[in-house]
Structures are given as structure tokens and as C-alpha cells.
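Heads up: numbering here begins at 1 and tracks the sequence. This is a predicted model, so every value here is computed, not measured.
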Amino acid sequence: MTAEAQDVTELLLSRIRDVPDYPKPGVLFKDITPLLADPEAFTALTDALAGLCSAHGATKIVGLEARGFILAAPVAVRAGLGFIPVRKAGKLPGATLRQAYELEYGTAEIEVHAEDLAAGDRVMVIDDVLATGGTAEASIELIRRAGAEVAGVAVLMELGFLPGRARLEPALSGAPLTALITV
């Protein structure tokens with residue numbers, strides 16, 4: 001890791017607040033709202049993610065509901081790329097592609113507008129946290145079903161004690177997975 005990348009990592013980590021016992025006892029929640037409120041840290045995060053999009057040849061950016069929207073939209077602007085929201089089922093009007101995925105206790109579904117992705121698109125998936133990997137895995141499937149290619153997945157923070165990376169490896173088919181911070 002370069003000295004500059006180390007400085008960015010330290011800045012980002014210094015702006016993430018630990019909230020014990022949220023949303024339930026025993027959970028240590030990583031709150032990114034102080035990072036978002038700090039213009040220097042938010043700019044550094046946006047620049048780092050935009051750099052990954054450029055390095056991996058992305059032509060579009062997908063942001064995952066909901067905090068992924070907060071990160072992906074300014075990255076798209078900075079990188080000069082289109083932003084495509086991947087939403088919970090039933091939130092997008094018009095024709096959509098829908099993908100179900102497994103949760104710890106049940107299933108969920110996400111959607112994307114069918115016309116927003118096409119053959120020839122190289123799509124970078126951006127989210128705030130990689131935990132179990134279910135939503136990211138489902139988004140990769142949606143991107144490929146639309147005929148586009150996955151340029152990579154980038155997250156602010158990976159929860160290294162959860163199996164998200166291992167779950168995503170087969171779905172990535174060689175596309176890079178980058179976490180700016182691993183906790």
C-alpha cells in the first residue's frame with residue numbers, strides 16, 4: 001500500500017464511528033455518517049472509488065440500495081460515468097429485471113431498469129459494506145442478465161469476519177473485489 005493510500009485509509013477509518021449494541025445487543029455497528037459529514041473524508045472516498053472505476057475500465061456504475069446510492073452517485077459524477085440504482089423490488093417504475101437472493105432468515109429481491117444496462121457496458125458495483133455478500137452477488141447476476149460485464153465490485157468497508165468475499169468469489173468470475181477498509 002502506498003503512503004497516499006495509507007493516509008486515505010487512516011482518514012476514512014478515523015471518521016467511522018463505532019456504535020455498540022445497534023441495531024441489537026451484541027452488534028458493533030460501523031456508522032459512516034461522520035465520514036459523509038466531513039468534506040475532506042467524503043472527497044477522499046469519492047476520489048478513491050472513482051480511481052478504481054477508471055483503473056478497471058468501468059463505463060457505468062451501479063449503486064446498491066440504500067447507502068450504496070450515497071457513495072456511487074458522486075463517484076459516477078467524478079468519474080464521468082452513468083449511475084444506475086439497484087433497488088429493492090417494487091421501487092422502480094417501468095420494465096425491470098428482478099433477482100431474488102438468500103438472506104440469513106429468508107429471501108429478498110432487487111431490481112434494475114432493464115434498459116439501463118446493455119451489452120458492451122462494463123459495470124462497477126459500489127456499496128458501503130460487504131457483509132454476507134448476498135446483495136452484491138444478486139447485483140452481479142442482474143448485470144450479467146442485462147448483457148453487461150462486471151468490471152468489479154468496490155466497497156468502503158468489508159466485514160472480514162463474515163463470509164461475503166468467499167461468497168462473491170465464484171460470482172465475480174475473475175472481476176476484482178476491492179475493499180478500501182477491512183475490519
Side-chain angles (χ1 to χ4, degrees), residues 1-2 4-5 8-9 12 32 35-36 39 41-101 108-131 133-158 164-165 167-182:
M1 180 180 291
T2 67
E4 182 180 334
V8 169
T9 299
L12 298 177
I32 68 167
L35 186 156
L36 300 173
F42 196 16
T43 298
L45 172 59
T46 301
D47 288 346
L49 293 172
L52 289 171
C53 292
S54 176
H56 299 309
T59 60
K60 291 190 178 171
I61 296 173
V62 156
L64 305 183
E65 188 166 339
R67 289 182 300 257
F69 294 174
I70 297 168
L71 305 184
V75 170
V77 171
R78 179 66 47 91
L81 303 174
F83 167 73
I84 298 149
V86 169
R87 306 250 6 229
K88 294 174 184 168
K91 301 289 185 179
L92 292 172
T96 62
L97 294 174
R98 183 179 288 199
Q99 182 67 39
Y101 63 99
E109 293 181 316
I110 56 173
E111 293 180 326
V112 66
H113 275 133
E115 71 273 6
D116 289 346
L117 295 170
D121 288 334
R122 287 187 44 80
V123 183
M124 179 67 78
V125 177
I126 294 180
D127 204 4
D128 64 329
V129 174
L130 175 62
T135 308
E137 181 182 43
S139 71
I140 289 169
E141 179 63 26
L142 276 178
I143 291 164
R144 290 196 175 119
R145 284 180 47 213
E149 181 182 342
V150 176
V153 175
V155 296
L156 164 60
M157 184 175 14
E158 178 179 353
R165 183 171 289 269
R167 180 178 183 169
L168 277 186
E169 288 296 332
L172 287 165
S173 299
L177 167 59
T178 306
L180 299 179
I181 298 169
T182 301

Check salt bridge (Lys or Arg N to Asp or Glu O under 4.0 Å) between [X] and all other residues, then give those that pass, not counting sequence neighbours.
X: D116; value: none
X: E158; value: R165
X: R145; value: none
X: E169; value: none

Considering non-hydrogen atoms only, spot the tightest contact between [X] and [Y] and give its length.
X: V86; Y: F69; result: O-CE2, 3.5 Å
X: L180; Y: A48; result: CD1-CB, 4.0 Å
X: T96; Y: H113; result: CG2-CD2, 4.1 Å
X: A151; Y: P176; result: O-CD, 3.2 Å
X: I32; Y: R67; result: CD1-CD, 4.4 Å
X: A179; Y: T182; result: CB-OG1, 4.1 Å

Supply the atom-to-atom distance [X] [atom1] to [Y] [atom2], rounded to the nearest 0.5 angstrom.
X: Y101; Y: T135; atom1: OH; atom2: OG1; result: 3.0 Å
X: I140; Y: L168; atom1: CD1; atom2: CG; result: 5.0 Å
X: T9; Y: L45; atom1: OG1; atom2: CG; result: 10.5 Å

Problem set entry | E149 side chain vs V123 backbone, donor-acceptor pair below 3.5 Å |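 Looks like no, no N/O pair under 3.5 Å.
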For this session: Give a yes or no on whether the backbone of T59 and the side-chain of R122 come within a donor-acceptor separation of less than 3.5 Å.
Result: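 Checked: no pair found.
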Problem set entry | Summary of side chain to side chain donor-acceptor pair (under 3.5 Å) pairs that have at least one residue in residues 86-95, sequence neighbours excluded |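 Qualifying pairs, neighbours excluded: E65-R87.
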Tell me every residue that passes side-chain contact (heavy atoms from CB on, under 4.5 Å) with [X], counting only those two or more places apart in sequence or in another chain.
X: A55; answer: none
X: A118; answer: D121
X: A72; answer: I61, F83, I126
X: S173; answer: R144

Among residues at least two apart in sequence or on other chains, which ones pass side-chain hydrogen bond (donor to acceptor under 3.5 Å, both in side chains) with [X]?
X: S139; answer: none
X: T46; answer: none
X: E115; answer: none

Please examine the side chains of [Y] and [X], heavy atoms only from C-beta on, and report whether any two atoms are closer than 4.5 Å.
X: L81; Y: C53; value: yes
X: V153; Y: M124; value: no
X: L156; Y: V129; value: no
X: I143; Y: V62; value: yes
X: L71; Y: D127; value: no
X: Q99; Y: E109; value: no
X: T178; Y: V155; value: no

Exercise. Between L64 and V125, is a side-chain contact (heavy atoms from CB on, under 4.5 Å) present by the stated rule, with each step listed?
Worked result: CA-CA 8 Å; L64 305 183; V125 177; 3.9 Å; yes
